[in-house]
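Values below: all heavy atoms of this structure, side chains included; hydrogens, waters and symmetry mates excluded.
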Amino acid sequence: FSVTSSSGSGTTAAHSAIVSVRCPKFDKALKEKYGGRKKKNKRKKDLDIKGSQTITVNRMLDFLYHDSLPYLNKLKPISLLHLVILARKFSLGRLIWICENQILDLLSLDNVVPLVKGADTLKDTRIRKFCMDFLLLPDNFKEFVLRKDLTSDLGMELFQELVTLNATAAASGGVKSTGKKGGHAVVDLGECPASEIRTDLKELFKNMNYADGNVRIDSENIRFHKAILAASSKPMFDCLTKARLTAGLMEDVSECLELSKDQKFYNKLSSGAFKSLLRFVYYGDTNIEALPACLLIPFVREFGMKNLQELCEKVIHQSVTDSQVVLKIMAVTYLAIMRAREDMRDKLRKECIQHTVTHLKEIDFVEIKSMEKEFALDLAVDLLLACQKQYQ
């Protein structure tokens, strides 16, 4: 959907699935305007956020996608004020804490006047108090009243309030300081709220709200969000982009991913393996079993999913002593795509052969019959030669 702001120009594209699971108030706004989450609506949605500048809305969306602001140190206090006000509107506790903490760190006599005036105009009483307490620190107050440029910019109303507050503070022992030169008044923000992005994306994987893509494997339709899968790697992004898919519209991408009949990966992936891939992509789940890992290797190599490939290889290496899957693991070493990883391939094949020939009674060799003919014979011959060498 697209997000617009009445106080700025232009629109920003965002994904209903992401912002809804990350921000319940966004979810509520979308549902109120367009109905239930599962209601089919081919028309692109739009949501107007009143009273906020476009750049501020974009920064909030950045946070929803990343759970942080990579450019935080580049933002000026006045920009942080606008952002924290928007964060309060959408009840984003972690973003509120990040903005407030950064404002306190940046407060100085050079920036406090426009900040307190902005907070006063926008009726953000919390940031307004941060600024007033900062000015009430004895050293800050003395320097402030000596600078006519600052007192003039502050305005008569706020200046009179500051003088009154200073008299009250002096009578009650003054405002407590952090003790640093130029530091701010003591403010207890508490601990920064923990990141929830992984938990949110796990919930999104579970409920699949706004899912717009699916594949059919083992007679099972597996749903997912095309944008999230596309973000897993550049080759995957290029593949899905080339297919000219429509964002937000449910589409079967089996053919695009070469999972349809007579294509490269048809009957080469199990539904369980593909779900393991999705769990890794959505929320970084690393609990992948050996067999799904074996089945995933060719697919993730094809689509350049390097982190998942490394995880699968690690799982496979740790599972070569499992007699239930050792032949399937060994079969992977005969795939053409493994030629690019000769060291890993040869080491893994050697480990599989060694386990197999020393645990013959535990191995079900019937599995070889169901393997691809192009390498089943090579595998059988290698095992036979190893057995001859072991028991001659």
Side-chain angles (χ1 to χ4, degrees), residues 198 202 205 215 217-218 220 222 232-233 236 257 259 264-387 389-391:
R198 183 175 179 180
K202 187 174 182 178
F205 175 81
V215 295
I217 302 176
D218 297 337
E220 180 181 355
I222 304 173
S232 63
S233 72
M236 181 65 77
L257 299 180
L259 292 166
K264 183 184 293 186
F265 298 113
Y266 180 67
N267 279 343
K268 302 288 178 64
L269 275 184
S270 66
S271 59
F274 194 79
K275 288 176 183 176
S276 292
L277 178 149
L278 291 178
R279 283 192 292 270
F280 179 84
V281 170
Y282 272 71
Y283 58 94
D285 182 30
T286 58
N287 295 313
I288 299 179
E289 296 181 356
L291 183 53
C294 290
L295 297 175
L296 281 172
I297 285 285
F299 187 84
V300 298
R301 281 183 61 85
E302 176 77 12
F303 289 100
M305 302 171 73
K306 293 182 180 179
N307 290 338
L308 182 53
Q309 178 188 327
E310 290 174 1
L311 173 63
C312 289
E313 290 173 354
K314 180 180 178 181
V315 169
I316 291 170
H317 273 298
Q318 294 173 342
S319 304
V320 293
T321 57
D322 185 346
S323 299
Q324 302 298 313
V325 296
V326 66
L327 287 182
K328 291 183 175 67
I329 294 174
M330 186 176 172
V332 173
T333 69
Y334 290 89
L335 297 175
I337 59 170
M338 296 298 285
R339 292 170 187 163
R341 301 289 302 275
E342 288 186 8
D343 291 345
M344 190 273 284
R345 178 199 66 188
D346 294 344
K347 182 176 183 296
L348 183 58
R349 186 182 299 174
K350 182 178 178 181
E351 291 173 355
C352 290
I353 290 174
Q354 179 61 34
H355 178 80
T356 301
V357 298
T358 55
H359 297 79
L360 293 175
K361 293 182 179 180
E362 301 173 8
I363 309 295
D364 182 7
F365 291 96
V366 176
E367 290 182 11
I368 297 178
K369 291 183 178 181
S370 62
M371 295 179 182
E372 295 286 340
K373 293 181 180 179
E374 60 186 71
F375 60 74
L377 182 59
D378 290 337
L379 184 149
V381 169
D382 285 345
L383 284 176
L384 181 59
L385 292 174
C387 287
K389 184 177 180 181
Q390 178 79 12
Y391 299 105

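In terms of heavy atoms, S271 sits closest to I217 at N-CG2, 3.5 Å. In plain terms, the two heavy atoms of S270 and D218 that are nearest each other are CA-OD2, 3.4 Å. For the pair I363 and L327, the tightest heavy-atom approach, listed with the atom from each and the gap, is CG2-CD1, 3.5 Å. Across I288 and S276, no two heavy atoms sit closer than the pair CG1-CB, 4.1 Å. Taking both residues in full, the closest heavy atoms of S233 and G304 are given as CB-O, 3.6 Å, listed atom of the first, atom of the second, then distance. Closest of all the heavy-atom pairs between V325 and A290 is CG2-CB, 3.9 Å.
Taken from OG1 in T333 to CD in E351, the straight-line distance is 11.0 Å, to the nearest 0.5 Å. The structure places CG of L379 at 10.5 Å from CD of E367, a figure rounded to the nearest 0.5 Å. In this structure, OH in Y334 is found 9.5 Å from CZ in F375, a value given to the nearest 0.5 Å. To the nearest 0.5 Å, atoms NZ (K350) and CG (D346) are separated by 10.0 Å. To the nearest 0.5 angstrom, L296 atom CG is 9.5 Å from L291 atom CG. With values rounded to the nearest 0.5 angstrom, E362 atom CD is found 6.0 Å from H355 atom NE2.
L348 is listed as a side-chain neighbour of H317, based on a closest heavy-atom distance under 4.5 Å. Side-chain contact between D382 and R349 is present, with at least one heavy-atom pair separated by less than 4.5 Å. Contact check for K328 versus L295: no side-chain heavy atoms found under the 4.5 Å cut-off. Using a 4.5 Å heavy-atom cutoff, the side chains of Q309 and V300 are in contact. For the pair E372 and K268, the minimum side-chain heavy-atom distance is below 4.5 Å. Between L360 and F365, some side-chain heavy-atom pair lies under the 4.5 Å cut-off. You'll find the side chain of E302 reaches within 4.5 Å of the side chain of F265, heavy atoms only. Between L269 and L277, the closest side-chain pair of non-hydrogen atoms is not below 4.5 Å.
With respect to the salt-bridge test (charged N to carboxylate O, under 4.0 angstrom), the residues E220 and K275 qualify.
More than 12 heavy-atom neighbours from other residues, nucleotides or ligands sit within 6.0 angstrom of CD on Q390. Under a cut-off of 6.0 angstrom, the local environment of CD in Q324 is sparse, with at most 12 non-hydrogen atoms contributed by other residues, nucleotides or ligands.
By the 30° and 60° cut-offs, the orientation of the rings of F299 relative to F303 is tilted.
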Can you check side chain to side chain contact (heavy atoms under 4.5 Å, CB included) on L257 and F274, steps first, answer last?
-> CA-CA 12 Å; L257 299 180; F274 194 79; 4.3 Å; yes
Stepwise side chain to side chain contact (heavy atoms under 4.5 Å, CB included) check, V381 with L377 = CA-CA 6 Å; V381 169; L377 182 59; 4.2 Å; yes
Would you please test M305 and V281 for side chain to side chain contact (heavy atoms under 4.5 Å, CB included) and show each step?
-> CA-CA 10 Å; M305 302 171 73; V281 170; 3.6 Å; yes
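For R279 (side chain) and D285 (main-chain N/O), no donor-acceptor pair under 3.5 Å exists by modelled atom type. Judged by distance alone, the side chain of Y391 and the main-chain N or O of V357 form a donor-acceptor pair under 3.5 Å.
Among residue pairs with one or both ends in residues 305-322, those qualifying as salt bridge (charged side-chain N to carboxylate O under 4.0 Å, His left out) are E313-R341; sequence neighbours excluded.
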